[in-house]
Structure formats: C-alpha cells, structure tokens
Peer 1: 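Before I ask anything, let me first share the structure, which is written out below as structure tokens.
Numbering of ligands and ligand atoms starts at 1, following listing order.
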Amino acid sequence: MRPYATLRATMASSFGMCRLHMRGRGSLAKCFQKIDTCLQRKVGTNVVAAQVEAPGKEKTEEKEGRPSFFAVQAERQEQAERSVLISCQSKTNEKKFLKYLSRHGDIKKCFFYESYGVYAVVEFANQESVASLHEATAIPRVNDESTVPFKSRLLSLKSLGPADPTNSKAGQPCQPQTTIPLKELIQRLSREESIDQQITCLTEAYQLTEENIRLRFLVCSLLKDIAAAYFPECTIRPFGSSVNGFGKLGCDLDMFLDLDGISGRNIKMPKAGLSLEYQMKRANSERAVTQSILSVIGECVDHFGPGCVGVQKILNARCPLVRFAHQPSGFQCDLTANNRVAMKSTELLYLYGGLDRRVRALVFAVRCWARAHGITSNIPGAWITNFSLTVMVLFFLQRRSPPIIPTLEHLRDLAGPADKCVIEGNDCTFVSDFGRIQLQDNTETLEQLLHEFFEFYGTFAFNRMSINIRKGKEQNKLEVAPLHIQNPFEPMLNVSKNVNGTQLDRFVALCQENSWLLQESETRAPRGDSGGNTPAPWGLATLLLPSQIAGIRGRKKRKREPASARIKSLLESLKTTNHQKKS
Ligand code: GTP
Ligand code: MG
C-alpha cells in the first residue's frame, strides 16, 4: 500500500458475470462449473460461512480437509503459469472473445475486471495453449516510439476491420474489486440482526475474492517471467496478507523472489569421489547478494516490465525491496528476496486463520475498526501495523479459557520431520497439517470475543509486559519500547518497535471506550429504522463511527470525565443524529 494509492483504480471482476454467461455456454460452462467447485473444495476460498452456526460444530468442519499452505501455493502458482492477462475494449463481446481464444486450447476460467480499462484473466487448461497464443500474437506497430522486444503474457486485444454492430449490446458487467466505502459498510452492518452476523458480513465484504487472489498469483507469475531472464530457476511467491487469509481487497502485493533452488542451501555434498560445482561470483554478505539481485531485477522491471510503473529500489531498508505499481492489476507491489522468515510468518498466520472461523472474523473486525479510527495507516510511521494487530488478536485468542488457538510452541511440538525449518539459526518449525491439531472446546461467540478483546487490551499491562504467541503468555519486557510484541521466529526482535507512546495510548483508550460501548444495551441491539429505510447504526457499526474518534481525540486535551458520563454523551449524540435523520 502506501504510495501510488491513486493507481488503485477501481478494479472489477466478472465473477457474477462468469456465472451469468455460464448458463448458456454448454460444454464451456460445464467446464467452468467443474473448475469452480473443484477450486472451492481443493484450494478453499476465504469465504466465511454466512450462516452463524454453533462455534463448536464449525471448529471441526473448518479445519478438516483444509489444504496446507504449500499445497495451496503450488496449485495457485501452477494455475497462474497457464494464465494470461489481456487488456480488452470495454465493449468486448465475451462469447466471441472466448471463441477466438479457445482456438489455442480449452479455457478453464475467465473473468473480467476494471483497472484503467477492462482486463480479462484467462486460464487455459494446458500451458501449451499459452505458447500457441504467443505464436499467434503480433508485435505492436508503433510510429514515433520503439518497443522493448520482450514477449510477456500481458496482451492487448485489438479489433480489426469495421466495428461489430453486435458489440453495442455486449460488454462485461465488471464488479468493483476494491472494498466498499466505510459509510456503506456501516449501513450494511446496521441491517444485520446480531453482532456475530455483523462481523461475518464485514469479513465477507472485505476479504479477497477468489478472482483477486488468482490475479495476485498471476502478477507474481508475470514478474517471474522477467526475473527468469537472469535466474531461470527462480520462483516469485506472494506472501503477507495476499495469501495469509487476512487480506482485504486493495491490500498491497508482497512478493518474494525465491532462489532457494540455486542458493546452495539444503544441498548434500557427496562424501567421496569426484563431483562438480558451479563457479559463482562471491560477495561479502548474503545481504549484499540480495541487494545486488534486487537492484538488477528492479532495473529490469523498470525498463522491460510491461505495466510496471514508479519503480523504486529501497535497498538499504532492513529488508531490501523493490516497490512499484502494477498498473494492469492496480496492485501496489513490494518485491523482496531472501525473506524466508516473512514467508514462514505468512504460513503461520494462514494456519491460525484456518483453524477456527472466529480467528479470521475477529481479525477482520479488529483490523477494520483500527483503520476506521486511524490506529493503523497506509503511511509508514509510528502506527500499529496490520501484522502487529493480527498477532495481538492471535495472542488474545490463545489467552481465552479454554484457548481458541494453540501456542506456537505447541504447534512446533506437533511438527513432523518434513516440517523442520531453521532460518538463520532460528527455529521456525511448526506443524503444517491441519489434521494433527486438536482444538479445545471453546464456544464463545464473536460478540463475546470482540467485547473481551477490547477489555483485554484496554487493561493490558503494556508498560511491563510483552506479547508472545510462541508461549501464549505475556512476559516481562526486555526493552523499553511502549508496545512489545515478540517476533514469532526471531525472538530478539520486536515487531512493533515503530509504535510510539501516543499511538499506544490511543489504542488503549479506544479499547476501553469500545469495551464500555459494547456493554451498553443501546449499542448491543438493533435500533430499528431511522427513516428512509436506513437502519440506525448499532453494534459493530457504532464502533466504526467517526464520531467516536473525534470524541477520543478531543478528550485527550480536556480533563477526562467519568467513563459513564462519556458513554452517555456518546449515546446521546447517536440519538440526536438519528432523530435529525428521522425529522
Ligand atoms: P497489509 O499489507 O497491511 O494488509 O498486511 P500484511 O500482513 O501484508 O503486512 P505487510 O505488507 O506490512 O508485511 C507483509 C508480511 O511481512 C507480513 O504478513 C509478515 O509476514 C511480514 N512482516 C511484516 N512486518 C513484520 C515484522 O515486523 N516482523 C516480521 N518478522 N515479519 C513482518
Ligand atoms: Mg502486505
């Protein structure tokens, strides 16, 4: 995220449209349907069940049969390799378009979205189709400029000859792929009947869609084609919220250039006899190698990468990276290399998120609440990051009685030989198979958990204690940072080192405020129609209202009134707003 936010133009996919068109498309439709069902079963979508069932029952169903992080990654990567991204005209006739492309082979999936024009993601059944398509694709003719002769899988559809009159009715109803505005979310939430349903509704509105995830893998795959000019064995993998299950539509695309296959790590040397090894250039440190690789790839992306703009090489950061905007997808991209710990954190978050549906739902609610109140920000600074906030939610869930999720130490104890992983001397081992994890019988509702989360952090001894999900227990702080969250895999590091006292105070004050609000009967129950079919904000919707933020900010300067008085005035202000709306 952060810079180039403007490049995130509205993106849309035609998920609905795909289904719409599937109806009349015989064998192609059946093929799509088969693939959709198969994907939902095998890869698993992020979709949380809309119905609110007893948490105990879901708990088992949630994780059983869920594929491991690597299985999902491998399948999605393979899909992406068989896919192309095509810029289309806004009135492209989908039927003709698919017929034209199917000359090169069966199409498994196609969807449209909008980002500076309409784009289609087309997934072929076989990779040979992509080669065939490349054969048939022309080199653009430009008059005053020259082109870089690099044949990527980002193509443009051109319509030759006279305009097709049937096109006027055609076109794809692209659906936006960015999140709905907060105001609209508040209205939607207010229509729900319970706080649990509100949290589920928020998760569904904000989470990445199946199409958006596919597009993220495709962008990694397109980038890999560029990096492969230097490192044919490389892979570019997404990490962070794009794949850990906690991503919100519009989040950045964190990528990792994986050169492990040629890094010399994990290589067993023969004990006797002759052997050959490559002569390789040497550098002073692994960091220096990472910096020079990223520098070269960054130049390549800048000069040869179609659709990649605003390339910045940020090589002196703790974790060197190349940042750019990928215009055709609208993603803000961060490319790193040799960042295996972050990949491991991503896998850990994916695991935790898949254990129980309440984990992702609570993280989405807390992240959205934090964003609405300016506790987190797109701009780097002293704010709490989404990653830190997620770890705080996980820690809270470990502290429930009985715990909803196990500690990282327990996950390490359950690991099999294939899970063993040590990175730079740090033990990053934990179980990857969901089936081996037994959960305890906690039946708390999302409403209770949200309330308890605010209560927990509203009264947490941040001045003395550190948050540690490895042990699932708070520990004495080893450094003076206002907020200390131990890095799960690098115990000496604090993931929230950047957070200052003011930001932590705001977070604590808001937690206290929201804990009180959730105790108030006026906040806890639906409040009926406020006129014009707009239900009055209640429950989670109340907690997202900006008026609460103003209250907190304003109060910092004034002498604090008793909590009960403040809550009363907040509720009074809500009532007044509703009354004004009615009249
Ligand atoms: P958003 O991009 O805000 O949606 O969330 P994100 O989880 O993707 O966070 P971000 O892009 O800042 O970082 C990407 C990933 O890098 C995270 O998911 C973590 O796996 C990892 N990461 C980020 N910050 C830290 C940190 O301070 N320490 C460690 N060990 N890993 C981090
Ligand atoms: Mg990210």
Side-chain angles (χ1 to χ4, degrees), residues 1-5 8 46 69 73 178-179 203 206-208 212-213 216 219-220 237-257 314 317-326 329 331-353 359-360 363-364 366-371 374-394 408 421 423-428 430 466-470 479 481 483-499:
M1 293 195 57
R2 301 105 205 166
Y4 319 120
R8 285 227 191 89
N46 282 335
F69 180 70
Q73 289 255 326
T178 45
T179 48
T203 310
Y206 270 26
Q207 70 192 348
L208 299 182
N212 196 273
I213 298 173
R216 286 168 188 268
V219 172
C220 289
R237 304 177 194 283
F239 71 97
S241 59
S242 295
V243 283
N244 65 15
F246 300 109
K248 167 184 150 191
L249 281 171
C251 68
D252 66 355
L253 173 57
D254 302 293
M255 291 179 281
F256 165 57
L257 173 69
I314 310 170
R318 190 178 78 83
C319 179
L321 66 115
V322 174
R323 177 167 288 177
F324 59 95
H326 186 258
S329 61
F331 295 143
Q332 162 69 37
C333 301
D334 278 352
L335 175 67
T336 58
N338 193 19
N339 195 6
R340 287 173 300 143
V341 174
M343 202 69 198
K344 241 13 221 176
S345 320
T346 304
E347 186 191 342
L348 181 68
L349 262 49
Y350 170 86
L351 188 81
Y352 275 130
V359 179
R360 285 184 67 241
V363 170
F364 269 92
V366 170
R367 277 193 178 200
C368 177
W369 166 83
R371 188 72 189 88
I375 292 170
T376 54
S377 166
N378 285 342
I379 311 155
W383 293 274
I384 299 177
T385 63
N386 274 330
F387 179 63
S388 296
L389 206 54
T390 307
V391 177
M392 289 171 89
V393 176
L394 296 179
L408 178 51
C421 174
I423 301 172
E424 286 155 24
N426 293 308
D427 185 5
C428 302
F430 60 90
S466 157
I467 289 166
N468 182 335
I469 61 163
R470 184 161 271 281
E479 59 174 62
L483 175 61
H484 194 279
I485 303 174
Q486 201 183 81
N487 186 323
F489 299 116
E490 293 165 301
M492 297 316 287
L493 300 180
N494 172 11
V495 298
S496 51
K497 206 182 167 97
N498 61 313
V499 178

Peer 1: Is there a side-chain contact between Phe331 and Asn212, using heavy atoms and a 4.5 Å cut-off?
Peer 2: yes
Peer 1: Strictly distance-based, threshold 3.5 Å: is any side-chain N or O of Asn244 a donor or acceptor partner for the main-chain N or O of Phe239?
Peer 2: no
Peer 1: Touching ligand 1 at all, Asp252? Heavy atoms, strictly under 4.0 Å?
Peer 2: yes
Peer 1: How is the N/O/S atom of Asp252 that comes nearest to the Mg ion (ligand 2) named?
Peer 2: OD1
Peer 1: Please indicate whether any nitrogen or oxygen in Asp254 is less than 3.5 Å from any nitrogen or oxygen in ligand 1.
Peer 2: yes
Peer 1: Check Thr336 against Cys319 and note the closest heavy-atom contact, atom names and distance.
Peer 2: CG2-SG, 3.9 Å
Peer 1: Counting each atom of ligand 1 from 1 as listed, which ones have a heavy atom of Cys251 under 4.0 Å away?
Peer 2: 4 (O)
Peer 1: Any N/O/S atom from Asp254 (main chain or side chain) under 2.8 Å of the Mg ion (ligand 2)?
Peer 2: yes
Peer 1: Quick one: which ligand 1 atoms are inside 4.0 Å of a heavy atom on Asn386?
Peer 2: 1 (P), 3 (O), 4 (O), 5 (O)
Peer 1: Does even one non-hydrogen atom of Met343 get within less than 4.0 Å of ligand 1?
Peer 2: no
Peer 1: Any chance you could measure Asn426, atom CG, to Met492, atom CE, to the nearest 0.5 Å?
Peer 2: 10.5 Å
Peer 1: Heavy-atom pairs closer than 4.0 Å: do any link ligand 1 to the side chain of Phe246, the backbone, both, or neither?
Peer 2: neither
Peer 1: Please list, in number order, the atoms of ligand 1 under 4.0 Å from a heavy atom of Ser345.
Peer 2: 20 (O)
Peer 1: Determine whether Ile423 and Lys344 satisfy the following criterion, side-chain contact (heavy atoms from CB on, under 4.5 Å), listing intermediate values before the conclusion.
Peer 2: CA-CA 9 Å; Ile423 301 172; Lys344 241 13 221 176; 4.1 Å; yes
Peer 1: Taking heavy atoms and a distance under 4.0 Å, where does Lys497 meet ligand 1: side chain, backbone, both or neither?
Peer 2: neither
Peer 1: For the pair Cys251 and Arg216, evaluate side-chain contact (heavy atoms from CB on, under 4.5 Å) and give the outcome as yes or no after the intermediate values.
Peer 2: CA-CA 11 Å; Cys251 68; Arg216 286 168 188 268; 3.7 Å; yes
Peer 1: Would you mind running through ligand 1 and noting each atom that sits below 4.0 Å from a heavy atom of Val495?
Peer 2: 26 (C), 27 (O), 28 (N)
Peer 1: So if I count the atoms of ligand 1 from 1 in the order they appear, which ones are less than 4.0 Å from some heavy atom of Gly240?
Peer 2: 8 (O), 14 (C), 15 (C), 18 (O)
Peer 1: How far apart are the C-alpha atoms of Val243 and Gln73, what are their side-chain angles, what is the distance that settles it, and do they pass the side-chain contact (heavy atoms from CB on, under 4.5 Å) test?
Peer 2: CA-CA 8 Å; Val243 283; Gln73 289 255 326; 3.7 Å; yes
Peer 1: How are the rings of Phe364 and Phe246 set to each other: parallel, tilted or perpendicular (split at 30° and 60°)?
Peer 2: tilted
Peer 1: Apply the test side-chain contact (heavy atoms from CB on, under 4.5 Å) to residues Ile469 and Leu348: give CA-CA distance (whole Å), side-chain angles for both, the deciding distance (0.1 Å), then the verdict.
Peer 2: CA-CA 11 Å; Ile469 61 163; Leu348 181 68; 4.1 Å; yes
Peer 1: Counting from 1, what ligand 1 atoms have a heavy atom of Phe239 closer than 4.0 Å?
Peer 2: 14 (C), 15 (C), 16 (O)
Peer 1: Using a strict cut-off of 4.0 Å, indicate which atoms of ligand 1 neighbour a heavy atom of Asn487.
Peer 2: 28 (N), 29 (C), 30 (N)
